[in-house]
Amino acid sequence: MPAKDVFFHWMDYCMLVLTLLLSCAVGIYYGIAERNKSTAVDYLMAGRSMPVWPVSFSLFVSFLSSISFLGDPVEVYYYGAIYWSMTLGFLIGLPIIAHVFAPILYRMKLISVCEYLEIRYNSKVRIICSIISGIGMMLFMGVVLYAPSLALSQVTGLDVWLCIMVVGVACTFYTSLGGMKAVLWADTMQFFLMMAGLLAIFIQGILKLGGISNIWNISKQGGRLNFFEFNPSPFYRSTFWTFVIGGVFRALNPHVSGQVWVQRYCSLKSEKDVKLAIYLNLPLYLIFLTLFTGNGLVLYAYYNGCDPMQQGRIRKPDQMIPLLVLELFQTLPGVSGLFLGSLVSASLRSAFNGIYNFSPLLYPALGPIINIVCSLLIWMITVSFLKVRKYYDSNSTKDEKIERVAYDKDYPGLLPFAPIGEIRTTTV
């Protein structure tokens, strides 16, 4: 049955506000503490003096986004726990990064990863690649920023434009004021918030479903415990080989060529610290991918025999986790807000990456104001999604509009999380 009359409690709002306030507080602190340090190295590289553990947390959370929270458990729901095999790919790929690529990048003392292209080729190649990379990242950030803003709008009743400003200002505020140090320590805080959101779903799911053994048995009966699918065919969608090999290259790509990751390597004190920070990511990937897999099995066991997609309760698979959260925590005020807070944190994390991906290119000319310039560009791109939606709504048929209104009335509790960037319509 649909979850009706499920709305946000005042404690849920507190969790959301706390997420943004903590991030801004970090920016204020480092903006004051580091106000006399204004060189590019201090601002963009944290003076190359950061301790290992916040950089390690930042390296890890830079890999996560709202897509991970909403999509990865649904992957397990539909295709099974073979998804967990990707953990083995990371366990193989990260040591390669730590011993082969990261030391070379660290010794070069790069501020921008594209500086390597200037050393290898010339400055024109560097500028062209920097611009292309920056534009691509900002386009992606438009989607990322739109997602939590839309969710906040539906929770609070505020206009989406205002929510975009709230989320965007929080992001711009502490990245511009506090620089890389603020970002690294905020990442550390957000890591624990994300962990709390995932653990809350997993633990409450176990309690609701009668224990891990019951979840395991239901998943086994449904064929979701396919850990050992060794089919060698490249045309078979989900196998041990595709996830392990894919996991290796999924780890290599950002950690070797991504501005965000290289910037963090170079913020550390020594090459030894770089290797240690990467190795500390091994248990983090193991924990989070296990939680994503566990939440996927909880999702399958909870909706076993009553798929919300088939029942018409949701329109897209990425709405499954939000629906599960609302139904699991109806009697626990604040936990749904914790989940949305973790989702906002993941989106903010991606937005920071976008800003700092482009900052090193123009920092010499604009200084700290470059973060504000980049944020304004991201906001402009995000607003374009609103224009598309309004155009779509203005050209929708009468039946489509009636159907959307009926959906909103039937499932009010789902509105705080839906649609995460999606326009829900079905012609009736």
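- A side-chain donor-acceptor contact under 3.5 Å links Asn281 to the backbone of Ala277.
- Side-chain contact between Lys109 and Cys266: absent, with no pair of heavy atoms (C-beta onward) separated by less than 4.5 Å.
- Using a 4.5 Å cut-off on side-chain heavy atoms (C-beta onward), Met108 and Tyr116 make contact.
- No close placement of the Tyr300 and Tyr78 rings is indicated, their centers lying 6.0 Å or farther apart.
- Minimum interatomic distance between Leu280 and Ser56 (heavy atoms only, all atoms of both residues): CB-OG, 3.1 Å.
- By the neighbour-count criterion of 12 heavy atoms within 6.0 Å, atom CZ of Phe230 is densely surrounded, having more than that number from other residues, nucleotides or ligands.
- Two residues are said to be in side-chain contact when any heavy atoms from C-beta on lie closer than 4.5 Å; Ser267 and Leu184 meet this criterion.
- Ring centers of Phe292 and Phe202: at least 6.0 Å apart, outside the cut-off.
- The main-chain N or O of Thr239 is never found under 3.5 Å from a side-chain atom of Asn231 such that the two would form a donor-acceptor pair.
- Taking the six-membered ring where the residue is Trp, the centroids of Tyr285 and Phe63 are separated by under 6.0 Å.
- At a threshold of 4.5 Å between non-hydrogen side-chain atoms, the residues Leu198 and Phe69 count as touching.
- Considering all non-hydrogen atoms of both residues, Ile278 and Ala102 come closest at CD1-CB, 3.6 Å.
- Residues Phe329 and Ala200 come closest through the heavy atom pair CZ-O, 3.2 Å.
- Across Phe191, Trp185, Phe60, a single residue satisfies ring-ring contact (aromatic ring centres under 6.0 Å, His included) together with Trp53, and that is Trp185.
- The two residues Gly210 and Asn214 come nearest to each other via the heavy atoms O-CB, 4.0 Å.
- Between Trp261 and His255, the ring planes are tilted. Angles from 30° to 60° get that label.
- Counting heavy atoms of neighbouring residues, nucleotides and ligands inside a 6.0 Å radius, atom CZ of Arg237 exceeds 12 of them.
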